[in-house]
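As structure tokens, the structure follows; a few thoughts come after it.
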Amino acid sequence: MNENRADALQTMKNIAAHPELYIADWKSKQKMPVIGIFPMNFPVEIIAATGALPVIIQDSKEPISEGNSLLAEFYCGYTRSIADQAAKGMLDIFDAFMNADHCIQLLGSVDVVRELLPDKPVYFEHLIAAMDDSWTKTQVQEKIEAFIIEAERVTGQPISDEALLACIQSNNKNRQLLRNIFAARRNGDAQFSPAELQAMIVSSMIMDKNEHSALLESVLADAVAKPRDQRIRLHLSGHFCHAPRVELFELLEDCGAVIVDDDLYTGARYISTDIKESMPPRMALADWYFARNETIPCPTRVQKTVDWDSYLLNALDNSGAEGVIVVMAKFCEAHMFYYPELRKTLNTHNIPHLLIETEHEGMPVETIRTRVEAMIERIRRKSPTRQITQESA
């Protein structure tokens, strides 16, 4: 691997693993605020247009201790990790926090942040989940204006349409670079591992977008496609708000699978949709909220004309995936409510699938391995060509 390319990739891995180091370095150089953003729908371009750094808050790999006494055990691992980080001072590096999503568990963790960090502004505006009502678009436009006013107040910096457009353009470029990499994987290129792709996405959530795009361009400068092997092709689906553990990716590969596509938040969902540069930027940000759900529907949103299961069937056709691994964060209510519909659709179309629940601490590796191996064996038996290939090997 080219040295510059290897260095750029390693930089993204390091930042994804230790965002606090990048944030501290950025603040010391730029002398501007860093705003913590809760997933999944806050338009970070608004914060960037003030000159501040928007950072989507990641879960910590540290075991949860304090957080377990601040939130009930039936809160998901991500929200309990947020509470844990707040209690341990790990969120002190942020100057303010902003949230646009109405998830009861997420709001619980936001309340903990508000209680434990009383000197930090914590702002919440709910982007409506019902996408079809006649007044929805007007309300979303009003919320975008409210976000802008609050960002100006917190940072002390005005937001011009010119600054917004520049940030929209830089974010679009970053998404496009990442989408090109994901499209190559979908079309058979295996030069980047699932862990490397996730590091690219997570580091994008943390970094200044121009800096991140420069790293991506270094990675892609000498890229040479690597044809994937004959392992079983799988699609990963779900897992909102935070990244699955890398160990899960490694386990799937050890079992004889290759991930060819996904709709993870720290994956294709995050980079799915550009903001229209031809529209007035404030209107474009509101339009993007709806366009994202049409590109990759989300079970946290309600829209009659799109649904996640139909999207998934089309995605499988496009990638040639032979099965689906549904990765669900334990106690994720939105995903739990929608999963029966998804399972029904996959069963109706005779698509092999497996539900894996994840927790913050620990992963029952051998139990998951047995279930994945059984699923892969079913796929092989389903395909005569697969059986011949296996016997020849």
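Along the sequence shown, residues carry numbers from 1. Note: hydrogens, waters and symmetry copies are ignored here, and every other heavy atom, side chains too, is used.
At distances below 3.5 Å, not a single donor-acceptor pair connects side-chain atoms of Lys13 with backbone N or O atoms of Glu196. Using modelled atom types, one side-chain atom of Gln58 and one backbone atom of Ile56 make a donor-acceptor pair closer than 3.5 Å. Listed for the Asp262 side chain is no donor-acceptor partner under 3.5 Å among the backbone atoms of Ser237. Distance alone, capped at 3.5 Å, is enough to place a donor-acceptor pair between the Asp263 side chain and the Gly238 backbone. With hydrogens and angles disregarded, a donor-acceptor distance shorter than 3.5 Å links the side chain of Asn187 to the backbone of Ala183. In this structure a side-chain-to-backbone donor-acceptor pair under 3.5 Å is missing from Glu152 to Pro158. Side chain of Asp133 to backbone of Thr136: no donor-acceptor contact under 3.5 angstrom is found. A donor-acceptor pair is defined here as one N or O able to donate and one able to accept, closer than 3.5 Å; such a pair exists between the side chain of Arg371 and the backbone of Leu355. Remark: the backbone N or O of Val258 is not paired with any side-chain donor or acceptor of Arg231 at under 3.5 angstrom. Of the possible polar contacts, none joining the His242 side chain to the Pro39 backbone as a donor-acceptor pair under 3.5 Å is found.
Residues Val110 and Phe97 fail the side-chain proximity criterion, which asks for heavy atoms closer than 4.5 Å. With a 4.5 Å cut-off on side-chain heavy atoms, Gln30 and Asp208 do not count as touching. No side-chain heavy atom of Phe331 sits under 4.5 Å from any side-chain heavy atom of Thr79. Side-chain contact between Arg179 and Gln176: present, with at least one pair of heavy atoms (C-beta onward) separated by less than 4.5 Å. Residues Lys27 and Asp95 have side chains in contact (heavy-atom distance under 4.5 Å, counting atoms from C-beta outward). When side chains are defined from C-beta on, Ile46 counts as touching Ile159, because their heavy atoms get closer than 4.5 Å. Considering only heavy atoms from C-beta on, Glu361 comes within 4.5 Å of Ile64 through its side chain. Using a 4.5 Å heavy-atom threshold, the side chains of Ser60 and Asp84 count as separate.
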Is there a salt bridge (Lys or Arg N to Asp or Glu O under 4.0 Å) between Glu359 and Arg80 once you walk through the steps? CA-CA 11 Å; Glu359 241 300 17; Arg80 285 184 289 112; 2.8 Å; yes
Between Ile275 and Asn171, does a side chain to side chain contact (heavy atoms under 4.5 Å, CB included) hold up when you go through it step by step? CA-CA 8 Å; Ile275 299 172; Asn171 277 264; 5.8 Å; no
Test salt bridge (Lys or Arg N to Asp or Glu O under 4.0 Å) applied to Lys344 and Glu341, step by step: CA-CA 5 Å; Lys344 178 182 177 181; Glu341 189 70 24; 5.1 Å; no
CA sep, side-chain torsions, deciding dist, call: Leu116, Arg114, side chain to side chain contact (heavy atoms under 4.5 Å, CB included): CA-CA 6 Å; Leu116 297 181; Arg114 184 182 287 111; over 6 Å; no
Please test Met200 against Leu9 for side chain to side chain contact (heavy atoms under 4.5 Å, CB included), starting from the C-alpha separation and ending with a verdict. CA-CA 8 Å; Met200 293 180 192; Leu9 187 55; 3.8 Å; yes
Residue pair Ile47, Val154: steps toward the side chain to side chain contact (heavy atoms under 4.5 Å, CB included) verdict: CA-CA 10 Å; Ile47 301 300; Val154 167; over 6 Å; no
Stepwise salt bridge (Lys or Arg N to Asp or Glu O under 4.0 Å) test for Lys88 and Glu66: CA-CA 8 Å; Lys88 294 175 179 176; Glu66 301 292 331; over 6 Å; no
Would you check, one step at a time, whether the test salt bridge (Lys or Arg N to Asp or Glu O under 4.0 Å) holds for Glu45 with Arg175? CA-CA 13 Å; Glu45 291 81 0; Arg175 282 186 281 260; 3.2 Å; yes
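From Gln141, atom CD reaches atom CG of Leu285 across 10.5 Å, with rounding to the nearest 0.5 Å. Here the straight-line distance linking atom NZ of Lys143 with atom CD of Glu125 works out to 4.0 Å at 0.5 Å rounding. One distance of note links CG of Asp261 with CG of Leu234; it measures 11.5 Å at 0.5 Å rounding. Distance check, rounded to the nearest 0.5 Å: CG of Leu70 to CD of Glu115 gives 9.5 Å. Separation of atoms CD (Glu333) and SG (Cys76) is listed at 9.5 Å; rounding is to 0.5 Å. To the nearest 0.5 Å, atom CG of residue Leu178 and atom CD1 of residue Ile271 are 5.0 Å apart.
A cation-pi arrangement, defined by a distance under 6.0 Å to the six-membered ring centre and an angle within 45 degrees of its axis, is absent between Lys120 and Phe94.
Between Tyr339 and His353, the ring-plane angle classifies as perpendicular under the 30° and 60° cut-offs. Aromatic ring orientation, His335 versus Phe240: tilted (interplanar angle from 30° to 60°). Relative orientation of the His235 and Tyr311 rings is perpendicular, given thresholds of 30° and 60° on the angle between their planes.
When all heavy atoms are compared, the tightest approach of Arg269 to Pro297 is NH1-O, 3.0 Å. Between Arg292 and Met40 the shortest heavy-atom distance is NH1-O, 3.3 Å. Of all the heavy atoms in Phe249 and Ala195, the pair that sits closest is CD1-N, 3.9 Å. The minimum heavy-atom distance linking Arg301 with Leu127 is given by the pair NH2-O, 4.1 Å. Here the closest non-hydrogen pair linking Val122 and Val113 is CG2-CG1, 4.3 Å. Across all their heavy atoms, Gly256 and Ile376 have their closest contact at C-CD1, 4.1 Å.
No hydrogens or angles considered: a donor-acceptor pair under 3.5 Å links the side chains of Gln10 and Asn14. In this model, a donor atom of one side chain and an acceptor atom of the other lie less than 3.5 Å apart for His239 and Thr358. Between the side chains of Asp309 and Thr345, at least one donor N or O sits under 3.5 Å from an acceptor N or O. Counting only N and O atoms by type, the side chains of Ser213 and Glu217 include no donor and acceptor under 3.5 Å apart.
Linking ILVMFWY residues whenever their side-chain heavy atoms come closer than 4.5 Å, directly or via other members, places Val44 and Ile23 in the same cluster. The same ILVMFWY cluster, assembled from side-chain heavy atoms under 4.5 Å apart, contains both Trp26 and Ile206. Val372 and Met363 fall within the same hydrophobic cluster, defined by Ile, Leu, Val, Met, Phe, Trp and Tyr side-chain heavy atoms under 4.5 Å apart, directly or through other members. Follow the hydrophobic side-chain contacts under 4.5 Å out from Val112 and you never reach Phe38; the two are in separate clusters. Hydrophobic cluster membership differs between Met90 and Tyr22, with clusters built from Ile, Leu, Val, Met, Phe, Trp and Tyr side chains linked at under 4.5 angstrom.
Counting heavy-atom neighbours within 6.0 Å of Lys330 NZ, excluding the residue itself, gives a total of 12 or less. Atom NE2 of His18 has 12 or fewer heavy atoms from other residues, nucleotides or ligands within 6.0 Å.
Each of Glu211, Gln198, His212 was scored for a side chain to side chain donor-acceptor pair (under 3.5 Å) with Ser203, with one residue passing: His212.
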